[in-house]
Protein chains: 2
Amino acid sequence: MSSATLNADTLAQKLADSGLRATPQREVVYNVLIKKRDHPTADEVFARVKSELPTISLATVYNCLETLVQCDLVRAVNFERGPTRYCPNLRPHAHFHDEQTGKTHDIDLPPTLLETVHSVLPRGFDASSVEIIFRGKATKSAH
Amino acid sequence: MSSATLNADTLAQKLADSGLRATPQREVVYNVLIKKRDHPTADEVFARVKSELPTISLATVYNCLETLVQCDLVRAVNFERGPTRYCPNLRPHAHFHDEQTGKTHDIDLPPTLLETVHSVLPRGFDASSVEIIFRGKATKSAH
DNA sequence: TTCATAGTTTGGAATAGTTCTAATTATCAC
DNA sequence: GTGATAATTAGAACTATTCCAAACTATGAA
């Protein structure tokens, strides 16, 4: 089973779990995110999807992205004024925002870190998720 | 020396350090942030400032906020689509975003936590700052 | 004090990103 | 296939922010 098929199955499955349909638009949007994991904006996704579905509309791209976020297949990321970016990495990870290039890198997190971070919450705060964002510069060695 | 005077001096000083002037607009905008630390949007700041400076313009509020951020007197916070929020808390802290009420709480961080978090960065990533955002619900006990 | 200069404020226009709306099209269950 | 429901589409509308040019203000030099 190819990786594309696997993705499609995962997608169809997860959508079905939420009572939603696996449409060509949703599949192509999802595949675009999987294929190049550079945290694209909706506009960038739109541009990439168009080569496969030339008649898709920007509104549909927004709809699809929103749907994928709802199904927990994709994370929406906002760390500054400016467009929302989309990330198909579901493992626990932080984001490193390179201030020179504007690029965003995923930083995998050791399993204990999120626990450690959660443990600083005082009584009365019940967090369902935590997000960690670094800002700085990445040297060439950090690809 | 009153706290307001102290703030004004701090402000004037920090602005001067950057070669900028301490104008009434900047002072009022800053005092509004200090007075009610509920992470207001630019529009909310605008509304609050108007009662003291009725002729101030929204553009000036944006300018002042930007200036205060540049001088490290205020932090701009973005954790979701929607307007930037402003926070005059300069101590190291995380933000807890209550999904029920929409309110944002500051969570003070133990001194070691930021180090611990930084330590997960692989070689080649040099972070100048890190931001931590929790999402969840806060019970009434968490004021 | 007066002037020149640079810094600041202002209102409105312009822009960017996103959401909304109403009409059309596709899909699923029967 | 038919009807009900879901999804897509184009464009209008909207929100947040930035840009712009003009007016205003503070500051330092003469």
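Chain A is the first sequence line, chain B the second, and so forth, proteins listed ahead of strands; every chain is numbered from 1. What you see is a predicted model; the values in this text were computed from it and never measured.
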Would you check if the distance from the ring center of A:His39 to the ring center of A:His95 is below 6.0 Å?
-> yes

Could you tell me the separation between the CG atom of A:Leu65 and the P atom of D:dT8, rounded to a whole number of Å?
-> 11 Å

How do B:Arg26 and B:Ser57 order along DNA chain C: which one's closest nucleotide is nearer the 5' end?
-> B:Arg26

Are B:Phe134 and B:His97 close enough, and set up right, to give a ring-ring contact (aromatic ring centres under 6.0 Å, His included), and what steps lead you there?
-> CA-CA 6 Å; B:Phe134 296 95; B:His97 186 241; over 10 Å; no

Could you go through nucleotides 25-30 of chain C and list every protein N or O atom that sits under 3.5 Å from one of its N or O atoms, giving the distance for each pair?
none

Mark yes when over 12 heavy atoms from residues, nucleotides or ligands other than B:Glu99 sit less than 6.0 Å from its CD; otherwise mark no.
-> yes

Whole-Å distance separating the CD atom of B:Glu27 from the P atom of D:dT25 = 16 Å

Just how far, in rounded Å, is P of D:dA26 from CG of B:Leu20?
-> 16 Å

Nearest whole angstrom, please: distance from the C1' of C:dT9 to the CZ of B:Phe46.
-> 12 Å

Which atoms of nucleotides 15-20 of chain C (N or O only) lie under 3.5 Å from a protein N or O atom, and what are those distances?
unit_1, atom_1, unit_2, atom_2, d
C:dT18, OP1, A:Thr84, N, 2.7
C:dT18, OP1, A:Thr84, OG1, 3.1
C:dT18, OP2, A:Tyr62, OH, 2.5
C:dT18, O5', A:Tyr62, OH, 3.3

Rounded to the Å, how far apart are A:Gln25 CD and D:dA7 P?
-> 11 Å

What integer distance in Å separates A:Ile56:CD1 from D:dA10:P?
-> 10 Å

Who pairs with A:Ser129 by side chain to side chain contact (heavy atoms under 4.5 Å, CB included), at least two apart in sequence or on another chain?
-> B:Arg135

